[in-house]
Amino acid sequence: MIREALAQKVTSAIVALHKAGTLPVASLGTVEIADTKQPEHGDYACNVAMTGSKLAGMNPRALGEMLATELSSDDAFEAVDVAGPGFINFRLTQAYVSRFVTLVSCVSLLPTASNPKKINVEFVSVNPNGPITIGSGRGAAYGSTLCNVLEAAGNEVHREYYVNDGVNSEQMRLFAESVKALLEGREVPENGYKGDYVQGVADALRGSVPADADLNELKLQAELLMIEKQRLDLAAFGVNFDTWFSEQSLHDAGEVDAEVAALLASNVADEKPVRTKLKLAKGGKIEDVEVEPQDEGDTLWLRSTKFGDDMDRVLRRRDGRLTYIASDVAYHKDKFNRPADTDKLITVLGPDHHGYIGRLQAVVAAMLIAEGQVNPVSNDEPLSETEAKLYASMEERNLCLAAIKQAQEKLDVQIFQLVRFLKDGKPAPMRKRDGNIFALIDLITEIGEKMRPEGTPEEKQQAGSDVARFFYLMRSHDTTFDFDLNLAETKSDENPVFYVQYAHARICSILKKAEMEPIAGQYTERPELELIKKVVDLPNEISRCAEDYGVHRLVTYSIELARAYHHFYNECRVINMEDIPTSQSRLALCQVTQIALQTTLKLLGVSAPEAM
RNA sequence: GCCCCAGUAGCUCAGUGGAUAGAGCAGCAGCCUUCUAAGCUGUUUGUCGGAGGUUCGAGUCCUCUCUGGGGCGCCA
């Protein structure tokens, strides 16, 4: 907000200098407004004199001086200095900063969308064979927050959960067999599912499912129970979806068969008895291509190596059953309908799925070719030795390379890294005694019990969810992190969730207590001005998060905002009956801070309590 | 073997290619007759794993390398 205004001023100054003939170009590239490292350097700094010095054909200092002189007449600035190698440092007048409080009161703190897109975000998507685990919790927290942020940045977002309920799924078959065994009073099979909840599923189905029900019918009923359980657990965690998309529905509608036929017709899938495996040497060059002879059955291969995958993938097994890859092709085609004419698909996957990036890109690339949506690039280079092993012709290579490029633009796979739980400084076991991974709902309940022992069940759940979400989101999703259970259950200033929520509660308390109208005024105290600057930075933070999907910065921002408020609170008394105008202007500042805090916490899916 | 992630203060971690690399915790010293002390103030802390390279400028980008975590099924 304030940065955009300053960038605008710099841009105008550049244009003005160009018109006056003192600057040879009308643009020096993107103008960025950064923080100053030292308070003595002023409020904000701009490095455009350094980045644009080549374009201008001037040395950075001279260019900086020129811009500074042009800008210094603006009454927003108390001073515009050139420092160091060519930084332009801005010192803003108190009046200029103060004006933003009025502005925030009447406009939104959300960024203005520059290039809104239609985006489908798929996240969590675990098999319907158990509760949501604490590992998936990170994906749930990350994915839902990413959706909120993308939406806040002006995009149309569709939240999607892919239900892996295909009849061909080995895992789901095993799950159904485990339930069936328990129903019939037998031991669960060797590699079966042994958690307590499996017994729960069996108990729930006893009576409602006929004793002679076949495995598929049983599987269907068990899945429905598990999906409902997952839905409830996620809802308790503040995670909701627009679509729970059934894999099996694609099979039932014949879309998988149709897509497989299209792949065959497009020559990106075939039944030749070889699988290509690429051995990648250092530097990413293909060193060798290995073939595996198959002597039985007709396996159908997706030639994903044509699209950068490291080996071809099975579409149809020797026994005739289609694999999940086959459904994936049809699924990705279908996903572009939610929302209609989707520009971009984002898939959030766990650390064990990072090998999927290549094959999912290949799936989309193959699908785009099968659908005739690829415009090949022209390239007259003859096939290289390695390319000749993958492609029959230059035309095919050009088509496939274009397809990969398009797929990479359309599909973004975000991998979140491992989360480790620590208790008393030591790694806590992720599995319960029954061998099953801890459920997210248990984590929420456990933290909630500690935080709000006297609370209602709803309050406990909210408290547990707040803490868990905040912790999951504190670190970059792309980094392994330790979830400190002791810290999460601490009711003290060490716990950052409460630090932020407490700032909000304090504001609510003051606004309630003050019996006068908040009216924005002039701010002169340092904590006031720093707080204003922090508040108006929110749109900028949201835009940045939406650009690179690094939503953890929003958590850092919330802590910084809370800190700025606590500083202000201690330094500047708000309610003072002997100075009504100051009280009113400070109340207005409290109010805009409240808006910023609420907006941020809402994006994070954390509640903003009015009292603590 | 290949792929992903990480290595920054005693600990946990921030860090838009920019200036003298920052917070929190822990330690020490203070602040409640005053709007919620779940708060605030002061103070100590660095071979940004290592080596090259690109750049006017590298914790940040590239290559190599060391250490640690994770992943590589006609399972999903």
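Reminder, nothing fancy here: chain letters follow the sequence lines and each chain counts from 1.
- Protein atom OH of A/Tyr356 is 10 Å distant from nucleotide atom P of B/G73, rounded to whole Å.
- Look at CG on A/Asn486: it is 14 Å from C1' on B/C25, rounded to the nearest Å.
- Glycosidic conformation, B/C32: syn, with the torsion inside 90° of 0.
- Among the atoms of the strands shown, only primed sugar atoms or phosphate atoms (P, OP1, OP2) are found under 4.0 Å from some heavy atom of A/His552.
- The side chain of A/Lys54 places an N or O atom within less than 4.0 Å of a non-bridging phosphate oxygen (OP1 or OP2) of B/C56.
- Taking atom CD on A/Glu489 and atom C1' on B/A38, their separation rounds to 17 Å, with Å as the unit.
- Under 4.0 angstrom from either OP1 or OP2 of B/A23 there lies no side-chain N or O belonging to A/Tyr499.
- For the pair A/Lys37 and B/A19, the criterion of a side-chain N or O lying under 4.0 Å from OP1 or OP2 is met.
- Using a cutoff of 4.0 Å between basic side-chain nitrogens and carboxylate oxygens, A/Arg553 and A/Asp548 are scored as salt-bridged.
- For the C1' atoms, the distance linking B/C61 with B/A37 amounts to 46 Å, nearest Å.
- Pairing of B/C2, defined by two Watson-Crick or G-U wobble distances under 3.5 Å, is identified with B/G71.
- Under the stacking criterion of a centre-to-centre distance below 5.5 angstrom and an interplanar angle below 30°, A/His41 sits stacked against the six-membered ring of B/A19.
- Nucleotides B/G70 and B/U54 have their C1' atoms positioned 31 Å apart, rounded to a whole Å.
- In this entry the distance linking CG of A/Asn47 with C1' of B/U60 reads 14 Å, nearest Å.
- Comparing the same atom, C1', in B/G49 and in B/A9 gives a spacing of 15 Å after rounding to whole Å.
- Of the nucleotides present, B/G53 is the one that pairs with B/C61 by Watson-Crick or G-U wobble criteria, both distances under 3.5 Å.
- At whole-Å resolution of the value, CG in A/Asp35 and C1' in B/A19 are 13 Å apart.
- Taking atom C1' on both nucleotides, B/U60 is separated from B/G15 by 9 Å, rounded to a whole Å.
- Spacing of P atoms, B/U8 relative to B/G69, comes out at 15 Å, to the nearest Å.
- Between the side chains of A/Glu530 and A/His567, no donor-acceptor pair is found at a separation under 3.5 Å.
- Checked by distance alone, A/Arg475 brings no side-chain donor or acceptor within 3.5 Å of a matching partner on the base of B/C13.
- Taking the C1' atom of each, B/A58 and B/G52 are spaced 13 Å apart, rounded to whole Å.
- Side-chain atoms of A/Gln417 and A/His477 form no donor-acceptor pair, as typed in the model, at a separation below 3.5 Å.
- Counting heavy atoms from C-beta on, the side chains of A/Leu263 and A/Trp301 never come closer than 4.5 Å.
- Between A/Tyr331 and A/Tyr162, the two ring planes are parallel [angle under 30°; tilted spans 30° to 60°].
- OP1 or OP2 of B/A37 sits under 4.0 Å from a side-chain N or O of A/Tyr569.
- Rounded to a whole angstrom, the distance from the C1' atom of B/G50 to that of B/G10 is 23 Å.
- The interatomic distance linking A/Leu349 (CG) with B/C4 (C1') rounds to 13 Å, in whole Å.
- In a base pair of the Watson-Crick type (N1 to N3 plus N6-O4 or O6-N4) or a G-U wobble (N1-O2 and O6-N3), with each distance short of 3.5 Å, B/U36 is matched with no nucleotide.
- When the side-chain nitrogen and oxygen atoms of A/Arg61 are compared with OP1 and OP2 of B/C56, none of them lie within a distance under 4.0 Å.
- In this structure, CD of A/Glu40 is placed 13 Å from P of B/U20, rounded to the nearest angstrom.
- When rounded to the nearest whole Å, the span between CZ of A/Arg321 and P of B/C74 equals 13 Å.
- The salt bridge (charged side-chain N to carboxylate O under 4.0 Å, His left out) test with A/Asp43 is passed by exactly one of A/Lys533, A/Arg526, A/Arg3: A/Lys533.
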